Amino acid sequence: MNELMIDGQRLWRSLEGFAEIGATPRGGVCRIALTDADRRARDLFAELSKAAGCTVRVDQMGNIFARREGTDPSRPPILTGSHIDSQPTGGRFDGIYGVLAGLEVLRTLEETATHTAAPIEVAVWTNEEGSRFAPAMVASGVFAGAFTLDYGLSRTDPNGQTLGQALEDIGYAGTEVVGGRPLGAVIEAHIEQGPILEEEGRTIGVVTGAQGQRWYEIRLQGFEAHAGTTPMALRKDALVGAAEAVLAIEAIAAANNPLARGTVGVLKPTPNSRNTVPGEVFFTADLRHPDEDTLAGMDRALRGFMAGLSKRRNLEAVVEEIWHSPAIVFDGVCVDAVRRAAERRRFAHRDIVSGAGHDACYLARVAPTAMIFIPCKGGVSHNETESATPEDASAGAQILLDVMLELAA
Ligand SMILES: [Zn+2]
């Protein structure tokens, strides 16, 4: 085991310093992608990385790469990093923790004059949250070839401004080609954004992958009718049908406990009038599971239920899958390196599947990838009260350093 230790207090000071950029009165941050707050945090990251002996480059999607050269020019870099942008009422750890844990790795290597064989890079990925420009993780997606550069730059915010123009405006429209270069491995550190680690009193989540997601838009067509004159037996009430569907989606998830998720987040009856039997309902469904076959079974269960419902209630049902993000299994060697590092440092740990999307999920398409989770208070994230402890933050950064040193040796 290497004896290099990260400086947990310095990391915590960095976290506190960045939390002031875009700070909200309730203790969170508002650092929406490509706003002035995002620019200021990017500038500070670039300045601190240079002070830690790195070169800093920016690509055409505004992704920033702080690089510390290795001793073997033939080796591709071992990369970490995450995102600086936040939700409008975001917390002070989501994203920025992974960036600053990476910065702490760079600083530790610099102050101990430690040289790795492979270069070490810390990336800041543009617009991870997708809050201003949909979709989320668009810039790591372009890097990994999931989207074209034109697609990425032409995303628009609610005011019609393009991501490309917003990059120009804050001075982060870089010149480097996006992606298309080899990475030795990618390790992203992040808060869990869920309750499992805290509940079990564990410090390190060894992230083995991310769950698959299927998103649906569903329309149930019945017949609008007078609420007073239409006998119950003669109705084609689309909303009562949708109510059954909402419960069925919950039951489909329950049948695949404990890893499945099923959510109806949008439901719009038409005409939405108190004394008209609803003739049509639009609703969404979101199904998730870490195992792709199980998720496919949930898809069949949903479609089967909707077909039966349609017959039974004499409604027309249209089920359209609008997005399918397959389950991701991270690289065995990288995952193993995280698990062994946690064991060596005697941190309580467990394997865990990410419930949220992360830049690492796209990067896993082009490089051996894994993630390190640390607990967050109450599992709360995307919230100004998001919180983590200095001890856990420090532990996660130490594991990151250990793993990167091993992979870069
Ligand atoms: Zn995040």
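Index from 1, following the sequence. Predicted model only: the values in this text are computed from it and were never measured. All values below come from the heavy atoms of this structure, side chains included, with hydrogens, waters and symmetry mates left out. Order of appearance sets the numbers: ligands from 1, and atoms from 1 within every ligand.
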Is there any ring-ring contact (aromatic ring centres under 6.0 Å, His included) pair reaching into residues 84-131, and which pairs are they, with sequence neighbours excluded?
Trp12-Phe93, Phe65-Trp125, Trp125-Phe143
Thr270 side chain to Glu280 side chain, donor-acceptor N/O pair below 3.5 angstrom
no
Please set out all donor-acceptor pairs under 3.5 angstrom arising from side-chain atoms of residues 157-166, sequence neighbours excluded.
from, atom 1, to, atom 2, distance (Å)
Asp157, OD1, Asn159, N, 2.9
Asp157, OD1, Gly160, N, 3.0
Asp157, OD1, Gln161, N, 2.9
Asp157, OD2, Arg132, NE, 2.9
Asp157, OD2, Arg132, NH2, 2.9
Gln161, OE1, Arg132, NH2, 2.6
Gln161, NE2, Asp169, OD2, 2.6
Thr162, OG1, Gln165, N, 3.0
Gln165, NE2, Asp169, OD1, 3.0

Tell me if a side-chain donor or acceptor on Glu192 pairs with a main-chain N or O of Leu197 at a distance below 3.5 Å.
yes
Report, one line per pair, each donor and acceptor closer than 3.5 Å where one atom sits in a side chain of residues 39-46; sequence neighbours left out.
from, atom 1, to, atom 2, distance (Å)
Arg39, NE, Asp36, OD1, 3.0
Arg39, NH1, Asp43, OD2, 2.9
Arg39, NH2, Asp36, OD1, 2.7
Arg40, NE, Asp36, OD2, 3.2
Arg42, NE, Asp38, OD1, 3.2
Arg42, NE, Asp38, OD2, 3.4
Arg42, NH1, Gly62, O, 2.7
Arg42, NH2, Thr126, OG1, 2.9
Asp43, OD1, Tyr172, OH, 2.6

Checking side chain to side chain contact (heavy atoms under 4.5 Å, CB included) for the pair Arg31/Ile84: CA distance, chi angles, key distance, verdict?
CA-CA 7 Å; Arg31 219 161 35 224; Ile84 276 178; 3.8 Å; yes
Protein-derived N, O or S atoms sitting under 2.8 Å away from the Zn ion (ligand 1) total 3
